[in-house]
Protein chains: 2
Amino acid sequence: MTDETDMANPPRILVVDDETAIRRFLRTALGGGAFSLHEAETGHAALAAAAVARPDIILLDLGLPDMDGIEVIRLIREWSPVPIIVLSVRERETDKVAALDAGADDYLTKPFGIAELLARIRASLRRTLQEASEPVFRLEGLEVDLVHRKVSVDGRDVQLTPTEYELLRLLVTHAGKVLTHGRILKRIWGIGYLDQPHVLRVNISNLRRKIEADPSRPRYIRTEPGVGYRMMGE
Amino acid sequence: MTDETDMANPPRILVVDDETAIRRFLRTALGGGAFSLHEAETGHAALAAAAVARPDIILLDLGLPDMDGIEVIRLIREWSPVPIIVLSVRERETDKVAALDAGADDYLTKPFGIAELLARIRASLRRTLQEASEPVFRLEGLEVDLVHRKVSVDGRDVQLTPTEYELLRLLVTHAGKVLTHGRILKRIWGIGYLDQPHVLRVNISNLRRKIEADPSRPRYIRTEPGVGYRMMGE
DNA sequence: CACAATCTTGATGCATTCTTGACGCAATCC
DNA sequence: GGATTGCGTCAAGAATGCATCAAGATTGTG
């Protein structure tokens, strides 16, 4: 589907643990730009951070100084379905059952492997992200909703043909950058059309007629003479 | 084929394991009417059962006689998001990571406590059930009651065939979004019908005749030429 | 075993979309 | 300044996709 991995908006992770060593360990393990990290040392701080930072996932230790971790899960579950992965030294089955039934999504007993933790985080994110995130491109009056596959200009819905939409999608996902004729042709019409820029011009023209107010002086799709086209923005 | 999500009907669980002892153990542990159990001994049987029985959750052993469990996960994930919990003797971290990244939702190493397994099953079911948050879909005169499996237009009840209802349900649960032909075909007719969009068109046509006032100019099910169909709404 | 409902498949007419060619215009090169 | 090249627009035939009807196959049910 989409080929561009969006590094601009890394998933937010809230780490809740009172031990500094553990937090530092997780910070190095989860760092590196793949995630945006927030930390909390107490249950109350965790509740506040969950509300303010809106994490995409919570890593929760059960042994907190001010309140029991199970209680933290319950209180969060009263208003948020955010995935919660429990990290705890308690390995008794009753502890696991209590945490899971309180609303936790997963339970790892310390010590755990960092690779396994990362895999479980990916599994959780995969479940929520496949429904959630709404990548919508906006530029002045133009709005391209890549999830719902909807395009509108100044509020009015615009109906595009499959190739027109593919072309627009390609431009939008590379907004600001110049796409060469060759790159576009290869991508949409396949290799073999490299020497036929005409089909591309026709489609750009049709696309402009549908989304540009004045196709002869385009606001969105600018042509870069001798090179290719560029979607404005960024 | 029918997916009677009545509250009276217990969640369906598919157990995939070649060892008779394990299956018997799970049968007693999960029995008692709380769940409806299906079983498979091989990977191929598991794939067939997943398509036919439409389980709400799959318990999968990785050591199958005919194919690797990881491969089973991948093949199921090509067309179904059903929760998969891996039960395996392999306790190496790389095995866990491979299974989770292939699309598994959880991983338990044998031997495990039955209470923990039940808790993890409850956690998985809770997640999927909360996604079906809207029990009844309304749009202008159309009303689709997903709990009682009833459809009405302007107050008059409409009788749909099983496939028609499944199709409508799929569209309604993704209201606003475009569902591609391929996605619908895979989901309702199974993979293998990917290259037969005709059956889909016939059913869309029949469905429209039953719920649309003017099937030639549909209000609810809009066709996205070259792409798929979309239930209006949101 | 027979009946009814449903599903599948084929055929047909219609609408949309794609492709290709022709032509005007602007910028560039010599 | 004239020729060349690249770009944008228009239009028409070809190709594809869609909706609908109808008939045979399948399934379920009593």
Side-chain angles (χ1 to χ4, degrees), chain A residues 149 151 158-169 171 178-182 184-185 187-230, chain B residues 1-4 51-52 149 151 158-171 178-185 187-230:
Chain A
R149 201 186 180 283
V151 180
V158 173
Q159 198 165 0
L160 301 180
T161 72
T163 28
E164 283 163 5
Y165 179 79
E166 279 304 302
L167 181 54
L168 180 61
R169 192 171 77 88
L171 289 167
V178 176
L179 286 171
T180 64
H181 298 137
I184 301 176
L185 286 166
R187 190 56 172 274
I188 295 188
W189 283 271
I191 211 158
Y193 277 74
L194 270 178
D195 52 347
Q196 300 183 25
H198 184 51
V199 61
L200 172 56
R201 292 203 198 96
V202 173
N203 275 274
I204 287 283
S205 174
N206 293 335
L207 189 50
R208 275 180 178 152
R209 188 183 323 131
K210 290 186 180 178
I211 68 172
E212 298 275 6
D214 179 8
S216 65
R217 207 127 24 92
R219 281 191 302 173
Y220 307 128
I221 304 176
R222 181 151 305 183
T223 160
E224 302 283 336
V227 186
Y229 297 93
R230 178 215 316 253
Chain B
M1 171 84 63
T2 50
D3 180 10
E4 262 125 9
V52 174
R149 202 187 179 283
V151 181
V158 173
Q159 197 166 0
L160 301 181
T161 72
T163 24
E164 283 164 6
Y165 178 78
E166 280 303 303
L167 181 54
L168 181 61
R169 193 170 76 89
L170 188 60
L171 288 168
V178 175
L179 287 172
T180 65
H181 298 136
R183 188 118 175 257
I184 301 176
L185 286 166
R187 194 65 169 265
I188 294 188
W189 283 272
I191 214 160
Y193 276 75
L194 268 177
D195 52 347
Q196 300 184 26
H198 186 52
V199 61
L200 172 56
R201 292 205 195 95
V202 173
N203 276 274
I204 286 283
S205 176
N206 293 335
L207 190 50
R208 275 182 178 150
R209 188 181 324 130
K210 290 187 180 178
I211 68 173
E212 298 275 6
D214 178 8
S216 65
R217 207 122 29 88
R219 281 191 302 173
Y220 307 127
I221 303 177
R222 180 155 303 184
T223 155
E224 300 284 336
V227 185
Y229 296 92
R230 177 210 315 256

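Heavy atoms only: backbone and side chains are in, while hydrogens, waters and symmetry mates are out. Letters go in sequence order (proteins before strands), and every chain restarts at 1.
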(message) Let me spell it out: for each of A/Leu160 and A/His198, pick the nucleotide of DNA chain C with the closest heavy atom. Which residue's pick is nearer the 5' end?
(response)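 Per heavy-atom nearest nucleotide, the more 5' residue is A/Leu160.
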
Does a side-chain N or O from [X] land closer than 4.0 Å to OP1 or OP2 of [N], or not?
X: B/Thr163; N: C/dC7; result: yes
X: A/Thr161; N: C/dT16; result: no
X: B/Gln196; N: C/dT8; result: no

Atom [atom1] of [X] to atom [atom2] of [N]: distance rounded to whole Å?
X: A/His181; N: D/dT5; atom1: NE2; atom2: P; value: 17 Å
X: A/Glu164; N: C/dC18; atom1: CD; atom2: P; value: 7 Å
X: B/Ile221; N: D/dA19; atom1: CD1; atom2: P; value: 10 Å
X: B/Leu185; N: C/dT8; atom1: CG; atom2: C1'; value: 13 Å
X: A/Gln159; N: D/dC18; atom1: CD; atom2: P; value: 12 Å
X: A/Arg201; N: D/dT9; atom1: CZ; atom2: C1'; value: 12 Å
X: B/Trp189; N: C/dT6; atom1: CH2; atom2: P; value: 15 Å
X: A/Arg217; N: C/dC25; atom1: CZ; atom2: C1'; value: 15 Å

inquiry  = With rounding to the nearest 0.5 angstrom, report the CG to CH2 distance, A/Leu200 to A/Trp189.
reply    =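 Spacing of CG (A/Leu200) from CH2 (A/Trp189) equals 5.0 Å.
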
* Approximate separation, where rounding is to 0.5 Å, of A/Leu179 CG and A/Ile221 CD1 ->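 Output value for this atom pair is 11.0 Å.
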
Any idea which of [options] is nearest the [X] side chain?
X: B/Pro215; options: C/dT9, D/dT20, D/dC18; result: D/dT20
X: A/Tyr229; options: D/dG8, D/dA19, C/dT9; result: D/dG8
X: B/Pro225; options: C/dT17, C/dT19, C/dT9; result: C/dT17

- Please identify each residue that fulfils salt bridge (Lys or Arg N to Asp or Glu O under 4.0 Å) with B/Arg187, with sequence neighbours left out.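 Listed in chain order: nothing, the list is empty.
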
query = Can you list the steps and then say if B/Gln196 with B/Leu185 is a side-chain contact (heavy atoms from CB on, under 4.5 Å)?
reply = CA-CA 8 Å; B/Gln196 300 184 26; B/Leu185 286 166; 5.7 Å; no

ask   = Heavy atom of residues 202-210 of chain B under 4.0 Å from DNA chain D: which residues?
value =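 Per residue number, the list reads B/Val202, B/Ser205, B/Arg208, B/Arg209.
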
- Any donor-acceptor N/O pair, A/Lys210 side chain to A/Gln159 backbone, under 3.5 Å: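 Checking the backbone N and O of A/Gln159 against the side chain of A/Lys210, a donor-acceptor pair under 3.5 Å is found.
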
- Message: So if I apply the side-chain contact (heavy atoms from CB on, under 4.5 Å) rule between A/Thr163 and each of A/Asn203, A/Val202, A/Leu168, which one comes out positive?
- Response: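 Answer to the side-chain contact (heavy atoms from CB on, under 4.5 Å) test with A/Thr163 among A/Asn203, A/Val202, A/Leu168: A/Asn203.
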
**Prompt:** With B/Arg230, which residues qualify under side chain to side chain donor-acceptor pair (under 3.5 Å), at least two apart?
**Reply:**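 Expected list: B/Glu224.
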
At 4.0 Å (heavy atoms only), tell me whether B/Pro197 reaches a base, stays on the sugar-phosphate, or touches nothing.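 The residue B/Pro197 makes no contact with any strand.
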
